[in-house]
Amino acid sequence: MDYTSREVLRKLPSGAFARSRMIQTSGVIICLGYILGLLFTAVPGGGVWILVLGIVCAVFFRRGAKSRRLPQKSETGKNQVDVASSNLQVTSLPQVWLIAGLIGLLASFYLQWRVPQPTVSDISQFVPSEGSNQEQLVIVRGKIASNPRLTRSQRGQFWLQVSQLDEVKNQKDTKETQKGAAGKLYVTVPILKATGLHPGQEIAVTGILYKPKPASNPGAFDFQKFLQQEGAFAGLSGRQINILDEEQRWGWWQIREKIVRSHVRGLDIPEGPLVSAMVLGGKAVDLPYDIRDLFVQAGLAHALAASGFQTSLILSVILQLTRRAKKATQVTLGALGLIIFLSLTGFQPSVLRAVIMGFAALVGLALNRKVKQLGSLLLAATLLLVFNPLWIWDLGFQLSFLATLGLVVTVPAITQRLNWVPSAIASLISVPLAATIWTLPVQLFVFGVVPAYSLLLNIITTPLISIISIGGIISAIFALILPEAGSAVAIFLHYPSDLLIKLVEFFSQLPGNSLVLGSISTWQLLAIYGLILLVWLVNWWQKRWWFAGLITFSLVLFPAWHSASTLSRITVLEAGAEPVVIVQDRGTVTLINSGDEGTGRYTILPFLQQQGVNRIDWAIATDFQRNNNDAWLEILQRLQIKNFYAYATNKKNSLTDQAIPQLLQQQQGIYQLLPVGQTINLGSTVAQLINEQPMMQLQVLGQSWLLVGDVEPKEVERIMKAGGWPSPQVLWCNAESLKDLVMMLKPQMAIASSGSVDSKILAELSKTATKVFVTAQDGAIQWTPNSEFESFTQVSESKSSVL
């Protein structure tokens, strides 16, 4: 307690200070009750558990109040205050816990109420049903709600606030074809069509409406969930754009664009966009994906997120420049700087958190009181979650608050233990280490990957990031006054930004840069954070932090090792027209086919990453799709393949086929080109490409499989009879051949890919003994020796019903 607080305390009545402490304690409990109520929507019963917890705590503190109540008389004023404080707390805490429990219960209902739902006039209501074969061309009118960005597929993307929908028909458009529509729409157009567009413009986009699909494979990106979090339920694949409003209205986008152009003019690409992203945040700047991915893989994603560092820097500069001015002037200019920064970054959750904490610091300055960082962090979290409770499940929101919590509560403890090194070095180590401790469990839960050199890279690059951020902000200020001056200042950031990129590239290329451990379960996540809280709050654990660290490593590594060494499973991924099969057998991994371009990056690698697979032991390329094996290169760039078998078919040797042996040689892998018909024995898997059309026979974990490509059913029957092969237990084929092949081969299980199967055919096949899966509808199909075949969508639904 400082001198001012003691002086105020002497002038207060005996219970006034106690009431002040009680208000603070009550506020913390109520805020935690609200946040826990939102979090507990992920478990059965939701906020009911928070209400039960509140009741239990109320009973506990009520019983404790009777035994701990102190006499009201005391000799000294100090003891009078202590007595009043104790009596007030023990009598009021039961009511506070009850209120917190009720608020937690209401929070769970509040979140459900705030979940976006499409209205009657929402644009998603006009998307044709999946059964319709003909695409309906539409013209959607509305106002652009975001800056156009470049997608990974090299298309322009922006959000559109819809106002009207027209169907394109053969006859001239009439008023009858116009429909009133509303809602938010995810729009992609050819990149040239998006050039020059800006927020606030009224446009008409001609294209095809579609509804987003959920994730079809484990670990894959859930496009439907992403749009729902943004309050959108449909997308538009645009072909043509007509600008209806040529007038250019002022907006914050103009200032952002001015800053980015100034940085690019002075630094070129990619240094220019990188500096802009470090000043304004990666979401406000269209940073190239290769640079973005590089920083994420190296564990420097936070450098591209505008948050606390930029906010504290802005406030410190403003307060330092106005240190001789009146306090009201300092607070006003500081608040103005925070508001401008928030508007420029685009109201991201991490920036909102930092700005709220910055305003708390300004309030403390105005009242001449020291602000408690932990309290302001909790208040910021509560206010933001009241504004948008759905942010509780936003990954950026979670990581931002966890990292800040680590900086507030863990940095001092780490710095104290590093008192044997210079304070500057101790700070360089303690800040990234504290943030890593609090955020790594969530990263493992979501991604299952640990950047091995992240901590070392953060320590090395922190000075560079500070220099670039400070220089970028100064350059941005000059750019708003005179763009050429901003570019001139930015030139001095060339060497620091170039060095930063080279350091990130160097560490990303080191062996074992990304340790794939697999996604941890919910109980592991809770147990790890329980240990972190014990080390923070309990003295016994603080002295034995190393023991908590050993337990944490055991909680992560032992289950991952046990699963990898005992798991036997076959997974057929939803990968379009080519059968992509992954066999996991007690630590060895076999991958059959890689699919089309993009399948490796967006389907196979995320699945293997979730499973904790760092190496593929056996790979078989049959080139079912005649796609030149493009996806194999995507896999080889991230994972090592020990043995690679490719069947030689009647096609020209492509550049991709030449690149695969070269990459394998660099990884010290073995490449073998096999003739059609040769058998491959991989232990639990025996494979043989029967002919070039293609057809492949497998013996996998005691089951016989037949993979049939674009082959006529009669030809399949002839080949089977000629080879004397028995009917398979499991059949994979395309949707068009499903009925004929099932009727002919009578397998126990049939998996159809590449297209949809008519409901009448499915009804007819349901009368047979064959169980049918369609990956386009059911997603990935998995089988283990101890269970039946299960579809990914069924497993996801059962999990969501439990959680």
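Owing to the predicted nature of the structure, the values given are computational and were not obtained by experimental measurement.
Between Met278 and Ala303, the closest heavy-atom pair is CG-O, 3.4 Å. Annotation for Ala298 and Val504: closest pair CB-CG1, 3.8 Å, computed over non-hydrogen atoms. The shortest heavy-atom contact between Val442 and Leu525 is N-CD1, 4.0 Å. Heavy-atom minimum distance, Gln524 versus Val556: NE2-CA, 4.1 Å. Among all heavy-atom pairs drawn from Ala434 and Val411, the shortest one is CB-CG2, 3.6 Å. Leu300 approaches Asn458 most closely through the heavy-atom pair CD2-OD1, 3.3 Å.
Taking the side chain as every heavy atom from C-beta outward, Ile99 and Ile29 never approach each other to under 4.5 Å. Between Leu555 and Ile528, the closest side-chain pair of non-hydrogen atoms falls below 4.5 Å.
Between the side chain of Asp585 and the main chain of Ser568, no donor-acceptor pair closer than 3.5 Å is present. Panel note: side chain Tyr34, backbone Leu385; a donor-acceptor pair is recorded below 3.5 Å. No donor-acceptor distance shorter than 3.5 angstrom exists from the side chain of Ser454 to the backbone of Pro451, with no hydrogens or angles considered. For the pair Ser563 (side chain) and Pro559 (backbone), a donor-acceptor distance under 3.5 Å is absent. Judged purely by atom type and a 3.5 angstrom limit, Asn419 uses its side chain to pair as donor or acceptor with the backbone of Gln416. Of the possible polar contacts, none joining the Tyr453 side chain to the Leu510 backbone as a donor-acceptor pair under 3.5 Å is found. Looking at Ser400, its side chain never comes within 3.5 Å of a backbone N or O of Gly396 through a donor-acceptor pair. The backbone N or O of Phe447 lies less than 3.5 Å from a partner atom in the side chain of Gln609, making a donor-acceptor pair.
Within 6.0 Å of the CZ atom in Arg114, the count of heavy atoms belonging to other residues, nucleotides or ligands exceeds 12. The environment of CH2 in Trp541 is crowded: more than 12 heavy-atom neighbours from other residues, nucleotides or ligands sit within 6.0 Å. More than 12 heavy atoms of other residues, nucleotides or ligands sit less than 6.0 Å from atom CZ of Phe221.
Residues Phe387 and Trp391 place their aromatic rings such that the two centres sit under 6.0 Å apart.
Residue Thr415 forms a side chain to side chain donor-acceptor pair (under 3.5 Å) with just one option from Ser427, Ser423, Ser430, and that option is Ser430.
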